[in-house]
Structure formats: C-alpha cells, structure tokens
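Beneath this line is the structure, given in structure tokens, with notes to follow.
Side chains included, hydrogens not; waters and symmetry mates left out as well; all remaining heavy atoms used. Below, chain A is the first sequence line, B the second, and so on; all start at residue 1.
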Amino acid sequence: MAPTKDTKKRTQRRKKDPNAPKRALSAYMFFANENRDIVRSENPDVTFGQIGRILGERWKALNAEDKEPYEAKAAADKKRYESEKELYMATHATE
DNA sequence: GGCGTGATTGTTCGG
DNA sequence: CCGAACAATCACGCC
C-alpha cells in the first residue's frame, strides 16, 4: 500500500543515523531543475501557488521518454547515495 | 518471501 | 529561514 500518508506529516526530517547517507534525489528533482527555469520562464505570472501545481502537472505530462533524462539522473543520483550509504554501512559495522 | 516505514530530495513563493 | 504543495524514491529493517 501507499506509504500511508496518514503516518504523519512528511518533511519531518529527523536524523537517526550517525553519518546519515541521506538517500538520493528524485526524478522530480532533476526535472524540476530544468523546469523551474523553463516553466517559470513561460509562466512569469504564475507563482508557487500555480507553478508548484503546474510543475507537477506537466511533470507527469511528459512521457516515459521525456522523463528519461530525469529518471536517468535519478538512478544516477541514487548510485551516488548508494556509495555514501555503503560507506555509512561500513563505518556503522566496523566501528 | 513479502511488507510497510520512514527518511530524503529539489523547485517555487512569501512574511 | 522554513514550510507547504508537487512528485518520486527506494533502501532499510523486520517477522
């Protein structure tokens, strides 16, 4: 099932690990990186109120092929985190 | 062997 | 400064 949105208000940002590898970014993050300047450039009138909403709308508006670069980076970033987590695990184990 | 959980990531915007 | 919608994530630990 979904991560029970009820669990609690997200963005709790609580630390629990010594070196906290901080997982990785998300496709949205990479996509947003390119959209923030694009969408906002095409919608200089819309503010977070709209942009934020619009951003997400068109994010999905793209096709798997469009998200390709975003998903690709997402996976790439994940590997990034994977390395830190690996070390984090090592440090955690061998300590 | 399958499940749920939490933590996190980045943008925009404003008071 | 931080949070809040917007979305994805997905590794982690556990019985």
Side-chain angles (χ1 to χ4, degrees):
Chain A
M1 266 53 200
T4 53
K5 58 174 166 67
D6 250 54
T7 359
K8 243 179 195 143
K9 273 175 166 46
R10 48 182 115 18
T11 56
Q12 276 229 323
R13 76 196 285 295
R14 63 132 70 159
K15 89 190 340 202
K16 63 176 181 52
D17 295 306
N19 13 358
K22 305 178 186 257
R23 54 174 324 80
L25 269 78
S26 201
Y28 198 88
M29 306 294 98
F30 314 97
F31 152 91
N33 262 270
E34 298 254 316
N35 312 94
R36 86 198 143 157
D37 43 290
I38 308 298
V39 174
R40 204 184 162 212
S41 183
E42 306 214 304
N43 310 280
D45 289 341
V46 292
T47 34
F48 175 37
Q50 290 71 254
I51 267 192
R53 185 180 325 216
I54 295 161
L55 238 162
E57 273 183 68
R58 53 197 277 159
W59 155 242
K60 284 205 192 153
L62 311 163
N63 305 316
E65 304 104 70
D66 297 300
K67 312 186 309 162
E68 242 191 88
Y70 315 109
E71 286 185 314
K73 254 208 154 273
D77 184 281
K78 169 207 156 319
K79 293 173 201 149
R80 172 84 276 119
Y81 150 94
E82 186 211 84
S83 32
E84 48 184 296
K85 140 205 136 165
E86 183 203 334
L87 167 137
Y88 148 75
M89 287 297 188
T91 296
H92 220 246
T94 314
E95 224 266 80

Atom-to-atom span, CZ of A/Arg36 to P of B/dT9 - whole angstrom: 17 Å
Side chain of A/Thr47 (C-beta onward), nearest among B/dA7, B/dC13, C/dA7: B/dC13
Picking from B/dT9, C/dA8, C/dA11, which would you name as closest to the side chain of A/Tyr81? C/dA11
Can you check the A/Glu86 CD to C/dC10 P distance for me, whole Å? 18 Å
If you take all heavy atoms of A/Ala64 and A/Glu71, which pair is closest and at what distance? O-OE1, 4.0 Å
Residue closer to the 5' end of DNA chain B, A/Asp77 versus A/Gly49 (nearest nucleotide): A/Asp77
Between B/dG10 (C1') and A/Trp59 (CH2): distance, integer Å: 12 Å
State the CD-NZ distance between A/Glu86 and A/Lys79, to the nearest 0.5 angstrom. 14.5 Å
Pick out the pairs of N or O atoms, protein on one side and nucleotides 13-15 of chain C on the other, that lie under 3.5 Å.
none

Got A/Glu34 and A/Lys73 here, is their nearest side-chain heavy-atom distance under 4.5 Å? no
Closest approach of A/Ala27 to A/Ala74 (non-hydrogen atoms, all atoms of both residues): N-CB, 3.5 Å
Is any side-chain heavy atom of A/Asn43 closer than 4.5 Å to a side-chain heavy atom of A/Gln50? no
Quick one: closest heavy-atom pair of A/Leu55 and A/Ala32, and the distance? CD2-CA, 4.3 Å
Can you tell me which nucleotide in C/dA7, B/dT9, B/dT11 comes closest to the side chain of A/Ala32? B/dT11
Rounded to whole Å, please give me the gap between OH in A/Tyr28 and C1' in B/dA7. 19 Å
From the list C/dA11, C/dC10, C/dA7, which nucleotide is the closest neighbour of the side chain of A/Lys85? C/dA11
Whole-Å distance between C/dA7 P and A/Asp66 CG? 17 Å
Side-chain atoms of A/Lys22 come closest, of B/dT11, B/dT8, C/dA11, to B/dT8
Classify the side chain of A/Arg40 and the base of B/dT12 as holding, or not holding, a donor-acceptor pair under 3.5 Å. no
Nearest heavy-atom pair of A/Ala20 and A/Tyr88: which atoms, and what distance? N-CD1, 4.3 Å
Grab the NZ-P distance between A/Lys78 and C/dC10 for me, whole Å please. 7 Å
Taking B/dT12, C/dA8, B/dT11 as options, the one with an atom nearest any side-chain atom of A/Phe48 is B/dT12
The nucleotide from B/dG10, C/dA8, B/dT11 with an atom nearest the side chain of A/Met29 is B/dG10
Interatomic distance, A/Arg80 CZ vs C/dA8 C1' [rounded to whole Å]: 20 Å
Ranking A/Glu71 and A/Arg53 by the position along DNA chain C of their nearest nucleotide, the one closer to 5' is A/Arg53
Should the heavy atoms of other residues, nucleotides or ligands under 6.0 Å from CZ of A/Arg36 be counted, would the total exceed 12? yes
Rounded to whole angstroms, how far apart are CZ on A/Arg58 and P on C/dA7? 14 Å
Give one of base, sugar-phosphate or nothing for A/Phe30, where a contact means two heavy atoms less than 4.0 Å apart. nothing
